[in-house]
Number of protein chains: 2
Amino acid sequence: MVPTGDPPLKRESSASSTVTMRDVATASGFSSATVSIVLNNAPLARYIAPATKKRIEDAAKKLGYRPNAMARFLRSKRSHSIGVMFFDITDPYCTPILRGIENALYQSSYVPIFADAHNQKNRFERYLEMLLEHHVEALIVVANWLLVDIHLLADVSKRNIPAATICWELDGDTVSSVMVDNEMGGRLALEHLYQLGHRKIAYIRGPKMLIDSGPRWKGIQKFAQSVKLEIDPALVTQLTDSFDANSGFEGGYRFTEELLQKKKRFTALLAFDDLTAFGAIRALTKAGIKVPEQCSVIGFDDVPLSALSAPSLTTIRQPLETMGGLAVQMVMDSINAGLEKRDWTSSRQRVTPELVIRDSTRAASQTAADD
Amino acid sequence: MVPTGDPPLKRESSASSTVTMRDVATASGFSSATVSIVLNNAPLARYIAPATKKRIEDAAKKLGYRPNAMARFLRSKRSHSIGVMFFDITDPYCTPILRGIENALYQSSYVPIFADAHNQKNRFERYLEMLLEHHVEALIVVANWLLVDIHLLADVSKRNIPAATICWELDGDTVSSVMVDNEMGGRLALEHLYQLGHRKIAYIRGPKMLIDSGPRWKGIQKFAQSVKLEIDPALVTQLTDSFDANSGFEGGYRFTEELLQKKKRFTALLAFDDLTAFGAIRALTKAGIKVPEQCSVIGFDDVPLSALSAPSLTTIRQPLETMGGLAVQMVMDSINAGLEKRDWTSSRQRVTPELVIRDSTRAASQTAADD
DNA sequence: TAGCTCTATTGAAACGATTCAATAAGCACT
DNA sequence: AGTGCTTATTGAATCGTTTCAATAGAGCTA
C-alpha cells in the first residue's frame, strides 16, 4: 500500500535462517572482525570510524542479527548464565528470593538456569553436573535445608566458579553467603511479645539440623535474660529434623497440641517460622482458642501468605528479595574480579530482620486469661 | 597410605584446567572422532569394538571429562535448554507449575532458563530476545495475566521454536497450550455449594481480561439453570482488570465489603480464585461473619496456601504440577518431531479440575440464617 | 580374484563468534 | 627521509565439539 523504496519481498522476513555475523559483514561491506568489534563495543572500537560503526549497526538491525550465544561463549569463555539452585522451591519463602535473584540478573543481562534439588543429595549432585556442563559463570545456592557441602566446595572452587549461598553458610572461605541476623530476629520476636505484656510464652524451636535454629533461640534467651523473663522449659518444644518443607506446618500443629495437653497456660506462642505458626494457629483454633483474642502467635520469615492468612500473621521479616539481589551482587563482583584478574575474597553478609506487626498478636491485657 | 599403581600426584587433581575431548582421545589412544562417537552413543557406535568403548569410557571417567555444552551446541544446534517464562512468579499458583516443568525437564536432562516478565510487556520482549540468543530449543510461557501475542507468535514460529502456553491460549495453531477445563470447574464449585443446601449465593467473577473468567462463569450459569437456581444479580460482582497478581486478594476484600453493604443476605460465596476467596474471608471476618459457620466460601486453583490457611479453603483444584509436566511433554514431542523431520501439529490440552473439600464450606442447615 | 558387505577407526571440515598480530595510511617530529 | 605515533581495518587462528566422507582390513560370495 504505502510506496517505499524497499523491495517488496525481502529475504530476511521470510526465511527462518539464522543471520550470522558474516552476513552482517558482507551486507555492510566490512570484515567480520570489524563487525565483532563494533557490535561488542570492544576496546578496539575506539579506532573505528563513526561512519563505519553506523553502517554496521544499521546492517545488523536491518537483518535482525542476533549473536549466537554459544559461539560467543566458546571463544570468550563467558556463558552469560548463572546457576540458581534451590533445595526446595516448594517452600513459600523461596519465591521472593527467586524474584530478587532474577531481577538482579536481569539488570546485568544474565540469565538464570533454574535447578531444584527436591532436597535430595543425588539430585543436587546431578544438577551441579548439568550446571557445570552448561558452564554457568557462577552458582547461587538457596539452601533452606541441609546440604552436603563437600562436593559443592570441591567441584565449584576447583573450577574457579564463584558461588554464594543464601540462608546457609559453609566452612572455609571459598563460598560467599547471605543470611539474616537470626539472633537479632529472635530477640525482636520475643521483645514484641514482651512489650505487649506477655509473660507466659510457649516456644516452638527450629529443628537441630537447621542452621537458623541455634542463633534464633540464642537471641530469644539473651533477651529473656536481659529482662529477667523466665522461660518455662515445660513450654518449650523443638521441631524434629525432616526433609519435607511442609513439615513446619505439621510440626507446628503437633507440638502445639502437645503443649495444650500439658495444661500449662500460655498467652502467646513464638514459632520458629511462619509455617510453624500456621500449624500452631490451626491447632489452637481447633482447640477452641482464638488467635489473637486468647493467644498471640508470632512467626518468622514473612512468607507471602502471612499477609493473606486470617488472621494475618505478625512475624519477623527476612528481606528475602533483597537477599537474592545481594547474592547476585556478590557473585557478579567475583566474576568481574576474575575477569580483571583482581583478587577477591568471599564475604559473609548479614541482613537485618524487621518486625512486622499484623493481626495475630495483641496486648496481654486484652487476652482472656483462662481457657 | 594405601599403595596403588597410580602415580602419587596426578595432573587432573590439582589443575583447574578444563579436560577436553582431545585429552580423553590422547589418554585412551584413539582419535577424538571415536571418543565423540562412543561418549554420545552415536549411531556409528554400533561399529566400535567393545574393548575400545571401555577404554575410552574409563579414560573419560579418570580424567573427569565433562563435555563443553557450548561447543557441542555450536556444532549440533542443540542447547539442551528450554526457556520458561512466567508472567508473574509472585502469583502463588506459579510455584507448582514451575515444579512440574522443572521435574519433567530433569527427566530429559534438559535445563530450564528462567524468566519472569513482571507483567511488563517490554520485559517480556527483552527476555524473549535473551532466550533466543541463548538458543533455547523450546519455550514455555505461563501466562496468568494478559500478554501481547503478536510478537511471541511471530518471533517464535519464524524460528521454528516449539512453544507452549500454560493457562492461556493463542489464536492460530502454531502454539500448543494446556488449560484447566474452566467450565467444568465452575460447575463443580456451584454444585458443591448447591448440594450443601446453599441457595443464596454471592459471586465474585473474574476480571474480563482473564481468559478463565468467561468459561468459569458459564459453567456456573449452566449448572444454575440445570437445577433452576436463580442467580441474583445483586449478589454478583466482578473483579476489575489489573496487572497486579495481588489484586485478587484486594478485589475479593473490596467486593465482599460491597456485597455486605447491600444488606442482601447470602449463606455462601463463590470466589473467582483462591486469592479472591482469602480477601473475601478477610472481609467477612472483619464484619463479624464467621467462616464457615455463618457463610461458606469456595475458591478456585488450590494454591499451596489454601491448605494452610485458617480455615483451610474448600476449592476447585487445578492439577498445576501435572500441567507443567504436560507442557514439557508437548514441546519435547515437538522438538523430537523436528529432529526426525516428522510432521507435528500443536495441540490444546484440557485437564480436569477437582473439588477439594476443606473447612471453609459447610451445609446450609448448619449455617446461621441471620447476620 | 574381483566384488561386496561389515566392522572399526579417523582426518578434516564445519559451527559462529572473538582476538591477536599484521597491514597500511596519514601526520608530525627531528 | 627516517622514525614513531595514531587511526582504521582485516586475515587467520582459535574455542571444543560433531559428523561426513574416507580408509582399510576381513570375511563372504560367485
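Quantities reported herein were computed from a predicted structural model and do not represent experimental measurements. Within every chain, numbering begins at 1; the chains are lettered A, B, ... in the order of the sequence lines, protein sequences first and strands thereafter. These numbers come from the heavy atoms of this one structure, side chains and all, not from hydrogens, waters or symmetry mates.
- Under 4.0 Å is where a charged nitrogen must lie from a carboxylate oxygen, and between Lys62(A) and Asp58(A) no such pair does.
- Rounded to an integer number of Å, the gap from CG of Leu39(B) to C1' of dT19(D) is 15 Å.
- Of the candidates dA17(C), dG11(C), dT17(D), dT17(D) carries the atom nearest the Arg22(B) side chain, counting heavy atoms from C-beta on.
- The CZ-P distance, from Phe73(B) to dA17(C), rounds to 11 Å in whole Å.
- In this model, a donor atom of one side chain and an acceptor atom of the other lie less than 3.5 Å apart for Glu102(B) and Tyr127(A).
- Of the side-chain N and O atoms in Ser36(A), one or more sit less than 4.0 angstrom from OP1 or OP2 of dT18(C).
- Phosphate contact (OP1/OP2 of dT9(C), side-chain N/O of Thr52(B), threshold under 4.0 Å): present.
- In this structure, of dT18(C), dC15(C), dT9(D), it is dC15(C) that holds the atom nearest to the side chain of Leu74(B).
- Judged purely by distance below 3.5 Å, without hydrogens or angles, the side chains of Arg46(B) and Asn41(B) never pair a donor atom with an acceptor atom.
- Rounded to an integer number of Å, the gap from CG of Leu63(A) to P of dA17(C) is 12 Å.
- Rounded to whole Å, the distance from CZ on Phe30(B) to P on dT23(D) is 21 Å.
- Residue Arg75(A) places its side chain closer to dA13(D) than to any other of dA13(D), dG16(D), dT9(D).
- Closest contact between the side chain of Ala71(B) and the listed nucleotides dG16(D), dA17(C), dG11(C) involves dG16(D).
- With distances taken from any side-chain atom of Ser31(B) to the nucleotides dT10(C), dT7(D), dC15(D), the minimum falls on dT10(C).
- Look at Thr34(B) and you'll find a side-chain N or O under 4.0 angstrom from OP1 or OP2 of dT10(C).
- Side-chain N/O atoms of Lys77(A) include one lying less than 4.0 angstrom from OP1 or OP2 on dG16(D).
- Residue-level contact check: Ala49(B) touches the backbone only, with heavy atoms under 4.0 Å from sugar-phosphate atoms and none from bases.
- Looking only at atom types and distance, the side chain of Arg342(A) has no donor-acceptor partner in the side chain of Asn336(A) under 3.5 Å away.
- Distance CZ (Arg55(A)) to P (dA8(D)): 14 Å, rounded to an integer number of Å.
- When rounded to the nearest whole Å, the span between OH of Tyr47(B) and P of dC20(D) equals 13 Å.
- Sequence order on DNA chain D of the closest nucleotides to Arg72(B) and Leu44(B) puts Arg72(B) first from the 5' end.
- Salt bridge status for Glu133(A) with Arg126(A): absent, with no side-chain N to carboxylate O gap under 4.0 Å.
- Using a 4.0 Å heavy-atom cutoff across all strands shown, Thr20(B) reaches sugar-phosphate atoms only and no base atom.
- The distance from atom CG of Asn68(B) to atom C1' of dA17(C) is 14 Å, rounded to the nearest whole Å.
- Here dG16(C) presents its C1' atom at 12 Å from CG of Asn40(A), a figure rounded to the nearest Å.
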